[in-house]
Each structure stands twice: as C-alpha cells, then as structure tokens.
Number of protein chains: 2
Amino acid sequence: MDQRLPAAARPALTGSARAVFRRLVEEGPSTRPQIGQSLGLSRPTMSAAIAELEKPGLVEMIGAVQGPLGRSAAQYRVGQGAGHVMAVDAGSTHVSLRVSTLDRRLLDARVYRLPVSQISINDQVSRAVAQQVAAALAATQPDWGPLRALGIAVPTRVVGPGGDVVASRQEVVFSAFTPPPGVDVVLENNVNCAAVAERHYGAARGEANFAYVQVGVKIGMGLMLGDQLIRGRNGAAGEIGHLSFPFAPGLQPRPGEAEQYLGTEAFLARVRADWPADAGTAPADTAELLALAGAGHALALQHVARHADDIGATVASCVSVVDPGLVVLGGGLGASPLLLPGVRETVNRLSYAAEIRSTLLGADATVLGIERLAIETALPRVIGQEA
Amino acid sequence: MDQRLPAAARPALTGSARAVFRRLVEEGPSTRPQIGQSLGLSRPTMSAAIAELEKPGLVEMIGAVQGPLGRSAAQYRVGQGAGHVMAVDAGSTHVSLRVSTLDRRLLDARVYRLPVSQISINDQVSRAVAQQVAAALAATQPDWGPLRALGIAVPTRVVGPGGDVVASRQEVVFSAFTPPPGVDVVLENNVNCAAVAERHYGAARGEANFAYVQVGVKIGMGLMLGDQLIRGRNGAAGEIGHLSFPFAPGLQPRPGEAEQYLGTEAFLARVRADWPADAGTAPADTAELLALAGAGHALALQHVARHADDIGATVASCVSVVDPGLVVLGGGLGASPLLLPGVRETVNRLSYAAEIRSTLLGADATVLGIERLAIETALPRVIGQEA
DNA sequence: TTTATTAGTTAAGCAGCCTAACACATAAGG
DNA sequence: CCTTATGTGTTAGGCTGCTTAACTAATAAA
C-alpha cells in the first residue's frame with residue numbers, strides 16, 4: 001500500500017479486509033473459512049479483517065454454519081454500514097426501480113408504466129424518474145444505511161467526461177429530475193446495462209467476451225471484451241444502427257440507415273406491403289407477426305426468416321470486427337426462438353465461429369445491469385479506494 | 001507477495017526491484033533519482049532494488065549524470081543478464097528480423113527479400129524464416145545474454161490455446177522452421193503487430209483506444225481498446241474482410257466478399273475495366289495509380305476517391321461497432337495521403353466522430369510491433385512473475 | 001576553503017501478512 | 001457421560017517490504 005498518501009477520510013482498510021468485503025459483495029453470505037480459503041488468507045488475517053470490518057458495520061455476523069464435524073463456522077454478510085444503492089431503468093414504456101444492498105438483497109422495487117410509449121427519452125420520462133426516486137427515498141428504512149449510488153439506465157449514448165454531452169441527449173433524464181445531493185450518480189446506456197446483466201446473471205454468465213445484441217424497435221449492441229464493458233470514445237460503441245448500409249458496389253451508404261431498415265417500424269411496413277389482400281389483415285405489431293409465425297403461418301414465417309437473415313448479416317459484421325465468440329440476442333424480436341436459428345445460420349455462414357444464444361433475463365436485464373454498475377461504483381467508495 | 005508459494009527458480013525479486021526493471025525496459029536508461037521519483041520509491045528502497053538487480057546483471061551502471069548542482073547521479077540501464085529478444089516479420093515479400101535488448105537497443109538486423117511475392121504464408125516463407133533466424137543465432141555475441149523470446153509476425157489469424165489452430169494456418173510458418181528449444185515463441189498476426197507498434201512508437205502513441213486499418217493487397221484491422229490488443233475468440237477480431245457485403249435490401253452477402261471487393265486486385269480490375277482505350281495503358285499496380293493521381297490525373301483521382309469512399313464505409317462500420325475515436329491508416333494504399341481526406345469525410349458522414357491519421361511507421365510497423373510483444377513476453381519471465 | 005545542494009547509505013520502525021501453537025466448540029463413539 | 005477427533009478462532013512471534021530520519025559523500029559556486 002502506498003503509505004505516502006494522507007489517510008483518506010474513510011477508514012483506510014487493509015488489503016485483506018477490502019478483499020473480504022469485496023468477496024461478500026460478490027458472492028453473498030459466507031463463512032469465515034470459506035472466505036479465507038477462497039482468498040488464500042490465513043485464519044489470523046481473517047480474524048483481523050473481520051474485526052476491522054465489523055467496527056464500522058461493513059459486515060455483520062448472521063449465524064453459524066455447522067459442518068459434518070467440528071466447531072461451527074460463523075457466517076457473515078455485508079452489514080448496514082455498507083449502505084445500499086438505487087437502480088433505475090428509464091425506459092420508453094416503463095420506469096422501473098430497484099433498491100438493494102451491495103450484495104443484492106432487494107429492499108424495495110417499483111415499476112411505473114408510462115401512460116403512452118415515449119419515442120425517446122423526454123420530460124415525461126424524467127418526471128416519472130423523479131417521482132419513483134422520490135417515492136423510494138421516502139420509503140427508506142434506517143436499517144438500510146446510507147445511499148451509496150444511484151444508477152440510471154437511459155436509452156441514449158452516454159459519453160464519459162470530456163465527451164459531447166449535449167449531442168448524446170444523456171442529460172434529458174435530468175430535465176425534470178434532480179438527483180439527491182451527495183450521492184454518486186451512474187449513468188449508462190440501457191443496452192450496455194443489459195449486457196452487464198447477461199454477463200453476471202444471464203446467458204453470458206462468467207463469459208469475459210461476448211456481444212449482447214438487442215433487436216426491437218431499434219437495434220443496438222453492448223460489448224463486453226476482457227470483462228470490460230466497451231463504451232467507446234463517444235459512448236457510441238455498439239451503435240450498430242450506424243453500420244454502413246446499404247454497403248454494396250455502386251450504392252451510397254446513408255448514416256443511420258441500418259437502424260432505419262432493421263427497426264420494427266420499417267420491418268412491419270415491408271411485411272404489410274407484401275401482405276396479400278385476401279390473407280386477412282396484416283399483423284399490427286411484431287408480437288402478432290411472431291404469434292402467426294409461431295402458429296405456422298407460411299408468409300409470417302417467411303418474413304421472420306428474412307428478418308433473421310438481415311439480423312444475422314448485421315451480427316456477422318460485428319463478429320468480423322471483434323470476434324466475441326458468443327452473441328446473446330435480446331429485445332422484443334431478438335428474444336424470440338423463431339429468429340434464433342436463422343441468425344445462427346447466417347452468422348456462421350458469413351463470419352467466424354460464434355455461439356448464438358437467447359437472453360435469459362428478458363426485460364429485467366436493464367435494471368439488473370444498472371444495479372450491478374451502481375454496486376461496482378459504490379464498492380470502491382465504501383472500502384476507500386476511490387482511485 | 002504470496003509467501004505460501006515455493007520460491008520460484010528465478011530470483012524472486014521484490015516489488016520495487018521489478019518496478020525499477022520494468023521502468024528501465026520501458027523508458028530506457030535513467031538515473032536513480034529519476035526512477036525513484038517516477039515510481040514513488042524512497043532512496044533506501046532504490047538502493048535495495050538496484051543492488052538486487054545488479055547481482056544477477058539485470059541492470060548495469062553506465063555512467064553518471066551531473067545536474068546543475070550537487071552530487072552527480074548514477075545512470076543505469078538494462079544489463080546483460082536480462083538477455084535479448086528476436087523479432088521476425090514473416091511477410092509475403094520480405095522476411096525481416098531484429099535482435100534487440102529488452103530496452104530496444106538494436107543488436108542485429110536482417111532483411112531477406114523473397115524471390116517472388118508469396119500469395120500467403122507457405123514453405124518458402126518458412127524456409128526463409130529458418131534461414132534468417134539461423135543466421136542471427138550464429139551471429140549471437142556472448143554479451144547479449146540469453147535469448148528470452150522469439151516473436152514471429154504472420155499474415156494469418158493467430159488463435160490462442162484451445163482454438164482451431166489448423167483452420168488458422170498459423171502453423172505453416174513452422175513447416176520448415178523449428179524454433180530453438182527452450183525459448184518462448186510469440187506468434188501474432190502482422191496487422192495486430194503493426195497496431196501495437198503504432199500504439200507505442202507511431203501515430204497512436206500513448207492512445208489507449210484506436211483501430212489500425214491496413215489497406216493493401218488485403219484489408220485488415222488491429223484493434224486496441226483499453227490498451228489491450230483485442231484478438232477475439234478465434235483470433236479473428238479485425239478480420240474486416242468478412243464484414244457483411246454486399247449488405248443491402250434484397251442482396252445476399254457472401255463470406256469474405258468485402259475482402260475480395262476491397263483488395264487491390266479487384267480494385268485494379270475495376271480501374272482497368274473503366275480505363276478508356278485512348279488514355280494510355282492502365283496502371284499496372286496501385287503504386288502507379290497513386291503516382292498518376294498524385295500528378296493530377298483526373299480519372300486516377302476519381303478512382304482513388306471512389307476507393308477512399310469504399311474504405312471509408314468499411315472504417316465507418318468498425319467505428320460503429322467499437323467507437324475507437326482514432327483510426328490509423330496503413331498499408332500500401334492506406335498510407336497514401338491521397339486516400340486520407342476521402343476516408344475522413346466518409347467516416348465522419350456515416351458514423352461518430354473519429355480522428356483519422358496516417359501511419360508514421362510504414363512497413364517497419366510489423367517488425368517493431370512483434371519486437372514489442374516479444375519484449376512484453378520476456379519481461380515477466382525475467383523478473384519472475386510468470387503468472 | 002567554505003557553503004549549498006543533491007546523491008546515496010545506515011538505522012530504526014511500522015504495516016500487513018505469515019506460521020506455530022494453543023483455546024474453543026461440536027459430533028461420534030465407547 | 002466422558003473421551004476423542006476434527007474443525008474454528010485467537011494469541012504470540014516473525015518476516016518482508018516498504019517508510020522516515022539522520023547521516024555520509026560528492027560536486028558547483030561563492
């Protein structure tokens with residue numbers, strides 16, 4: 001440890017105490033021997049670390065676990081002093097909120113359904129966020145400890161410090177909402193959040209490299225490489241709606257045309273245009289189309305297959321650039337098992353070997369991901385390594 | 001340090017000694033005060049570290065540097081005991097080789113021009129590698145110390161352990177060449193090597209995120225994100241010749257078609273097809289075409305501009321996937337200043353803000369990059385942290 | 001020759017881990 | 001019920017790798 005720096009305001013824990021706390025955050029309640037063994041710490045060091053963490057209430061004993069033989073082992077978990085985080089998914093149809101401890105014990109959850117689906121983030125969404133956060137803050141219990149971080153998932157690019165904040169529209173979420181003072185605010189793109197959630201709890205659990213591709217009203221990707229979320233210089237990594245399209249000899253690509261072409265609106269328009277007058281009314285939305293296809297409707301199946309090909313070509317381009325080895329499909333269309341085989345076939349025909357899976361988390365992915373990111377932001381603060 | 005592990009065969013240096021050695025490898029000769037200051041080490045610790053490193057000859061004093069006042073400071077550099085590395089670029093027209101110390105003092109350099117340009121890596125190239133390496137080994141001086149690593153840059157995908165080695169053709173370089181026993185061999189794709197070199201010594205010096213795009217006979221990309229070279233599950237990251245192409249409504253993409261279309265051969269074929277009979281003979285290669293364009297030849301300029309657009313669209317797709325913020329162009333065509341403005345314009349029209357620069361290293365990039373990678377492989381070995 | 005300044009060494013101490021040995025708690029077996 | 005085996009937690013002591021403080025060494029300028 002660097003002993004030249006002045007002691008931080010926070011306790012300045014030893015390395016082993018930090019490791020123990022981190023392990024309790026990540027793995028949940030554990031006994032002392034379990035922690036010691038998994039971190040390679042001796043029993044005296046474990047004693048010291050636990051004592052150090054118990055004083056400020058960062059951990060607390062929650063019981064004893066009896067093995068087949070011998071003395072029972074004390075079990076610990078993250079304590080009240082560690083505080084809690086709040087995670088908000090500021091979506092276009094719902095605003096959902098989770099309050100939880102750093103080891104993800106749910107303290108409060110709220111969902112607000114927006115009266116009409118918003119095209120993109122706006123005042124209305126911001127007001128709903130303000131309302132839900134206020135309600136959650138009002139419901140705060142003393143035994144939750146301090147609020148350590150507030151994470152907000154937004155459907156815009158999120159640029160880091162020094163980036164062009166205005167162009168990204170990321171500030172719109174704050175147009176009618178002021179975060180509580182003194183709390184770390186974590187802003188992240190909703191697709192990136194979903195990728196984080198799939199990495200930790202979903203179809204990509206434990207995978208260091210994969211791409212999460214969301215196929216719905218719009219198309220987007222969250223990229224995880226070397227266990228790092230790839231955001232890009234302008235927060236635009238994964239904005240695959242901007243892939244060059246059309247891209248062929250003699251054709252001029254147009255900016256954002258891929259998004260336009262692959263989005264549900266244009267897709268449905270193509271379906272409608274192709275729908276014979278004598279085949280009943282064309283599907284009004286993708287859910288209807290998928291239902292028809294699922295029931296064996298030949299024309300619906302054909303359109304779904306065509307779209308799977310288009311998505312497959314898109315994913316193949318991504319695979320060619322970063323070769324993630326694994327692609328998780330999510331979003332309204334992407335989650336459908338009807339799309340999966342076509343995408344799989346096309347990707348592996350056009351590009352290098354990549355496993356293609358469907359999301360395991362569905363619409364919950366985003367809020368779970370921003371919760372994870374809020375926790376990861378809070379953790380170094382709590383154990384006093386802000387650098 | 002983990003004291004439970006048995007002492008390694010290697011000296012088992014202290015953390016500070018390792019840091020000092022690393023710093024001498026990376027920054028070249030320095031005085032004790034310089035090193036101590038930049039690493040934040042006290043003078044007693046510096047004394048201990050230097051003493052520790054001098055014993056096995058890992059560092060050596062090379063003189064004293066006099067400041068404006070006070071006692072002169074001892075200057076050190078990496079010593080003989082640290083040994084040296086050998087770097088080979090197994091290219092299609094040349095095999096070039098560099099032997100250097102870990103702090104990049106050149107000990108030997110060889111270039112072998114292949115009798116005919118090889119389409120891809122083959123026996124002939126492998127024999128040339130064997131020959132050059134043998135010559136360099138024969139010329140080894142005792143004061144070079146031990147050979148720590150042998151790096152080879154190859155024009156194929158390079159897959160990690162567990163990957164499909166056969167499909168990547170990476171083993172072809174060993175068809176007629178057996179590396180000296182007991183030496184670490186580092187295999188890396190040549191475009192990735194060039195990216196590494198641009199990162200350390202070229203147009204992307206000090207940049208943690210950028211893409212190096214090589215435009216020549218073939219097209220390829222080396223990707224550096226968060227200061228990590230992105231290789232991909234199958235070593236296929238950056239294989240942008242496999243971007244979906246053609247990619248447009250109603251068209252079927254074909255695997256590898258982008259490479260085919262963007263490569264010099266097809267490009268020149270298009271130029272020739274369009275060349276009027278009364279305009280003299282069409283350019284035989286891209287160098288001729290570039291020369292004509294450079295001299296103001298309207299038709300040549302038009303073709304170069306068209307190709308710049310195509311390359312721009314390709315780069316824009318990459319930017320949409322990873323948003324690197326910086327793209328360095330290299331390769332026979334990519335290095336040309338005639339291409340740069342067109343690429344720049346197209347990329348920024350289609351995608352997010354990205355700076356576009358030309359290579360500063362040209363054809364040397366590959367061998368400098370593989371040298372760097374060999375050094376990075378050797379370093380942890382030498383200071384005994386193989387994990 | 002003295003003085004100021006910078007470089008390097010010696011001495012002493014502390015943080016953070018370890019091992020060894022002992023005290024404590026619990027299940028199983030006479 | 002008491003002993004034995006086994007695993008848990010604490011106490012004592014030690015080692016490593018750094019620190020600061022104070023000293024010695026070397027050099028330019030006065």
Side-chain angles (χ1 to χ4, degrees), chain A residues 1-8 10-23 29-55 59-76 383-385, chain B residues 1-8 10-23 29-55 59-76 383-385:
Chain A
M1 285 190 47
D2 198 337
Q3 302 179 10
R4 283 159 310 132
L5 292 179
R10 271 266 136 201
L13 301 168
T14 61
S16 53
R18 277 198 270 262
V20 168
F21 185 77
R22 185 161 243 133
R23 146 94 210 208
S30 320
T31 66
R32 266 156 82 132
Q34 281 168 355
I35 302 169
Q37 196 134 35
S38 90
L39 297 178
L41 295 174
S42 68
R43 282 175 294 169
T45 303
M46 276 303 301
S47 274
I50 293 282
E52 212 176 330
L53 292 166
E54 272 186 321
K55 189 148 30 169
V59 309
E60 59 194 21
M61 209 187 43
I62 53 170
V65 173
Q66 182 59 60
L69 212 61
R71 179 173 171 176
S72 57
Q75 192 177 39
Y76 293 83
I383 59 182
Q385 21 180 46
Chain B
M1 286 190 49
D2 199 335
Q3 304 180 8
R4 283 160 311 134
L5 291 178
R10 270 266 134 201
L13 301 169
T14 61
S16 53
R18 276 198 271 262
V20 168
F21 186 76
R22 188 161 239 130
R23 146 93 209 209
S30 320
T31 66
R32 265 153 83 132
Q34 281 167 357
I35 301 169
Q37 195 134 35
S38 91
L39 297 178
L41 295 174
S42 67
R43 281 176 294 169
T45 303
M46 276 302 302
S47 274
I50 293 282
E52 213 175 331
L53 291 167
E54 273 187 320
K55 188 146 33 170
V59 308
E60 59 193 23
M61 208 185 45
I62 53 171
V65 173
Q66 182 60 57
L69 212 63
R71 180 171 169 177
S72 57
Q75 191 176 41
Y76 293 84
I383 59 181
Q385 17 179 51

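Given the structure is predicted, the values throughout are model-derived calculations rather than measurements. Heavy-atom basis, side chains included; hydrogens, waters and symmetry copies ignored. In what follows, every chain begins at residue 1, and chains take the letters A, B, ... in the order their sequences are listed.
- Side-chain contact check for B:S72 versus B:V65: every heavy-atom pair is 4.5 Å or farther apart.
- A sub-4.0 Å separation between OP1 or OP2 of D:dT19 and a side-chain N or O of B:S42 is present.
- Both A:P68 and A:E52 lie near DNA chain C, and the one whose nearest nucleotide falls closer to the 5' end is A:E52.
- With rounding to whole Å, B:M46 atom CE is found 17 Å from D:dT20 atom C1'.
- Heavy atoms of A:A48 sit nowhere under 4.0 angstrom from any nucleic acid atom.
- Atom-to-atom, CZ of B:R18 to P of D:dT16 comes out at 14 Å; the value is rounded to the nearest Å.
- No N or O donor and acceptor, one from the side chain of B:R32 and one from the base of C:dA7, sit under 3.5 Å apart.
- Rounded to a whole Å, the CE atom of B:M61 is 15 Å from the P atom of C:dA7.
- As rounded to whole Å, 13 Å separates atom P of C:dC17 from atom CD1 of A:I50.
- Looking at heavy-atom distances under 4.0 Å, A:T31 makes no contact with the nucleic acid at all.
- Residues A:R23 and A:Q34 come closest through the heavy atom pair NH1-O, 4.1 Å.
- In this structure, B:Q66 places its CD atom where more than 12 heavy-atom neighbours from other residues, nucleotides or ligands lie under 6.0 Å away.
- In this model, no side-chain donor or acceptor of B:R71 finds a partner on the base of C:dT6 within 3.5 Å.
- Looking at B:S30 and B:Q75, their side chains never bring a donor and an acceptor atom within 3.5 Å of each other.
- D:dG17 atom P lies 17 Å from atom CG of B:L39, rounded to whole Å.
- Between B:G70 and A:G70, it is A:G70 whose nearest contact on DNA chain D lies nearer the 5' terminus.
- B:L69 places its CG atom 15 Å from the C1' atom of D:dA25, with the value rounded to the nearest Å.
- B:L13 places its CG atom 10 Å from the P atom of D:dG17, with the value rounded to the nearest Å.
- Both A:T45 and A:Q66 sit near DNA chain C, but only A:T45 has its closest nucleotide nearer the 5' end.
- Residue contacts shown for B:S72 are limited to sugar-phosphate atoms, with no base heavy atom under 4.0 Å away.
- Contact of the A:F21 side chain with the A:V59 side chain is registered, since non-hydrogen atoms from C-beta on lie closer than 4.5 Å.
- Among the heavy atoms of the strands lying under 4.0 Å from A:P44 is at least one base atom, whether or not backbone atoms are also near.
- With rounding to whole Å, A:R43 atom CZ is found 11 Å from D:dT10 atom P.
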